[in-house]
Amino acid sequence: MDSKTLDSFESVNERLKEIIRLVGDDSIPLDEALALFEEAAALGVKASAMLEENILARDENESKASDDTAGA
């Protein structure tokens, strides 16, 4: 699955859960397990960036709300 098509934190989280399930299968070939590990690492970075963006947007909204109430 192309991690670029996962556009929400929930979809990234679901894919990570799927990868965990797949890697838990002892019969998985090593090259496939390695590819899944690399995908999981990239998804982890993507999820972290999504969370950071969400935190920054929340902080910006709280700052604007605070400025609005202080100026009122």
Output all residues satisfying salt bridge (charged side-chain N to carboxylate O under 4.0 Å, His left out) with Glu60, sequence neighbours left out; order by chain, then residue number. Lys64
Result block: side-chain N/O donor-acceptor pairs under 3.5 angstrom for residues 24-34, not counting sequence neighbours:
residue: Asp25; atom: OD1; partner: Ser27; partner atom: N; Å: 3.0
residue: Asp25; atom: OD1; partner: Ser27; partner atom: OG; Å: 2.8
residue: Asp25; atom: OD2; partner: Ser27; partner atom: OG; Å: 3.1

Same apolar cluster (I L V M F W Y, side chains within < 4.5 Å links), Phe37/Val12: no
Value for NZ (Lys46) from CG (Asp7), rounded to nearest 0.5 Å, stands at 7.0 Å
Taking only residues two or more places apart in sequence, or in another chain, which ones meet Ile19 in a side chain to side chain contact (heavy atoms under 4.5 Å, CB included)? Arg15, Val23, Leu36, Glu39, Ala40, Leu43
Sequence neighbours left out, what pairs pass salt bridge (Lys or Arg N to Asp or Glu O under 4.0 Å) with at least one residue falling in residues 50-59? Arg58-Glu62
